[in-house]
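Taking it in order: structure first as structure tokens, then the write-up.
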Amino acid sequence: MRALAVAGALALLLGGCGAPDAPLRAVQVWARPAPAGANGAVYLQLENRGAQDDRLLAAATDLAAQVELHRTHVHASGAASMSAQPAIDLPAGRTVELAPGGLHIMLIDLQRALEQGTTFTLTLRFEHADPLVVEVEVEQR
Amino acid sequence: MSSLSRLHTLLAAAALALGACRPAAPELHGSPLPDPQPAPNFELAATDGAVLRLSDLRGAPVLLFFGYRACPDVCPATLADVRAVFEQLGAAADAVRFVFITVDPARDTPEQLAAHLDRFDTRFIGLSGSEQALRAVWEDYGVAVIPEPPDSGGAQWITHTARLFLIDGQGRLVTTYPFGTPRQELLADLRALTGEALR
């Protein structure tokens, strides 16, 4: 845990969202405010500026009892369903958007509230690239 | 001007003159119903402890959504949309009602719903009830509610219709909006309906 915190602080010093030469960059990382005990969702854009395809395999934060990668499907009928994703593909040279009503990082059973105007850190793990510690802004959008 | 284009001009003028004789129904976004009918009435437990009937809200446009508190993505996204639209409506938002009916009666009591909705806008009304009472309302509105088996971590999600329903001041269901409808479209329609109600 301490190593993670140190890594987080280091990543923040380096610019928060990946070193300049890192192939993967996370931008516009945010989550809505939510009370403790509720579920939350993190949205972001993941840029793969490298030459190699990669995959987001997992995300971690001690703020939630459980973190999963999810996709919402809105069907033609108007019904919305969700399914856990084993990974999210990040093709080389592309930006993948995790946005409301689509892909998102699900925070299940928040251990404390996500308060408007605060931030928290989330660690993203990839198939190839080094883990990325990102700062999530809590705001109502 | 050719005789054909003169004819067109005449026809256009005639159409305008005829149109002016009766108030044009506002052109609504989403999927407007061609022949709006009274929205199915319901009677459910409100977040303030009282019983609320849809018919009690007659006179105010009503935006209606079906969702649940543990829903982490489409429900908060829709609540945030309506919250933003209310903000932009300003004082006119007081003439509009937003009603959120749970699809998760086992986990959403009126009190819990109230706390949840208050985080978005304290004017939002949450309704819950027995599964039997709710099921009748879901069916009346064609709302699918499909509890999914618990996922690997034990979380319980519910597949549900994520449309917004718009009911006018006369209690007629006038249009429905798919998830992700631009806020500007909701805003324009509510402005049209509240403007109409004020006339």
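Chain A is the first sequence line, chain B the second, and so forth, proteins listed ahead of strands; every chain is numbered from 1.
- Of the two parts of A155(B), only the side chain, counted from C-beta on, holds a non-hydrogen atom closer than 4.5 Å to a non-hydrogen atom of chain A.
- Contact annotation: the side chain of M106(A) never approaches that of D151(B) to less than 4.5 Å [non-hydrogen atoms, C-beta and beyond].
- Of the atoms belonging to P178(B), not a single heavy atom falls under 4.5 Å from chain A.
- Highest contact tally toward chain B, considering only T72(A), L107(A), D109(A), is held by T72(A) [criterion: heavy-atom pairs under 4.5 Å].
- Using modelled atom types, no side-chain atom of N39(A) and backbone atom of P72(B) make a donor-acceptor pair closer than 3.5 Å.
- Neither the backbone nor the side chain of R107(B) comes within less than 4.5 Å of any heavy atom of chain A.
- Around CZ of R141(A), the count of heavy atoms belonging to other residues, nucleotides or ligands within 6.0 Å exceeds 12.
- The heavy-atom pair separating A77(B) from R32(A) by the smallest distance is CA-NH2, 3.2 Å.
- Considering only heavy-atom pairs separated by less than 4.5 Å from chain B, the leading option among A80(A), S81(A), A34(A) is A80(A).
- In this structure, Y177(B) is a member of the same hydrophobic cluster as F100(B), with clusters built from ILVMFWY side-chain heavy atoms closer than 4.5 Å.
- Residues V145(B) and M82(A) fall within the same hydrophobic cluster, defined by Ile, Leu, Val, Met, Phe, Trp and Tyr side chains chained together at heavy-atom separations under 4.5 Å.
- In the hydrophobic clustering of ILVMFWY residues, with side-chain heavy atoms under 4.5 Å counting as a link, I88(A) and L44(A) come out together.
- Contacts of R83(B) with chain A are made by side-chain atoms alone, with heavy-atom separations under 4.5 Å and no backbone atom involved.
- Cluster membership check: V85(B) does not share its hydrophobic cluster with V99(B), using side-chain heavy-atom separations under 4.5 Å among Ile, Leu, Val, Met, Phe, Trp and Tyr.
- Neither the backbone nor the side chain of Q116(A) comes within less than 4.5 Å of any heavy atom of chain B.
- Contact annotation for I158(B): only backbone heavy atoms (N, CA, C, O) come within less than 4.5 Å of a heavy atom of chain A.
- Neither the backbone nor the side chain of A65(A) comes within contact range of chain B, judged by heavy atoms closer than 4.5 Å.
- Within the structure, ring pair (Phe, Tyr, Trp, His ring centres under 6.0 Å) pairs that include any residue of residues 113-141 of chain A do not occur (at least two apart or interchain).
- For chain A, the option among A115(B), P76(B), A84(B) with the highest count of heavy-atom pairs below 4.5 Å is P76(B).
- Contact annotation for F120(B): only side-chain heavy atoms (C-beta onward) come within less than 4.5 Å of a heavy atom of chain A.
- A continuous path of hydrophobic side-chain contacts links V62(B) to W138(B) [ILVMFWY only; heavy atoms under 4.5 Å].
- Residue H73(A): no heavy atom, backbone or side chain, is found under 4.5 Å from chain B.
- Contact count against chain B (heavy-atom pairs under 4.5 Å) is highest for P35(A) among S77(A), G37(A), P35(A).
- The contact between D73(B) and chain A is made by backbone and side chain atoms together, counting heavy-atom distances below 4.5 Å.
- The two residues A80(B) and Q140(A) have their closest heavy-atom pair at CB-OE1, 3.5 Å.
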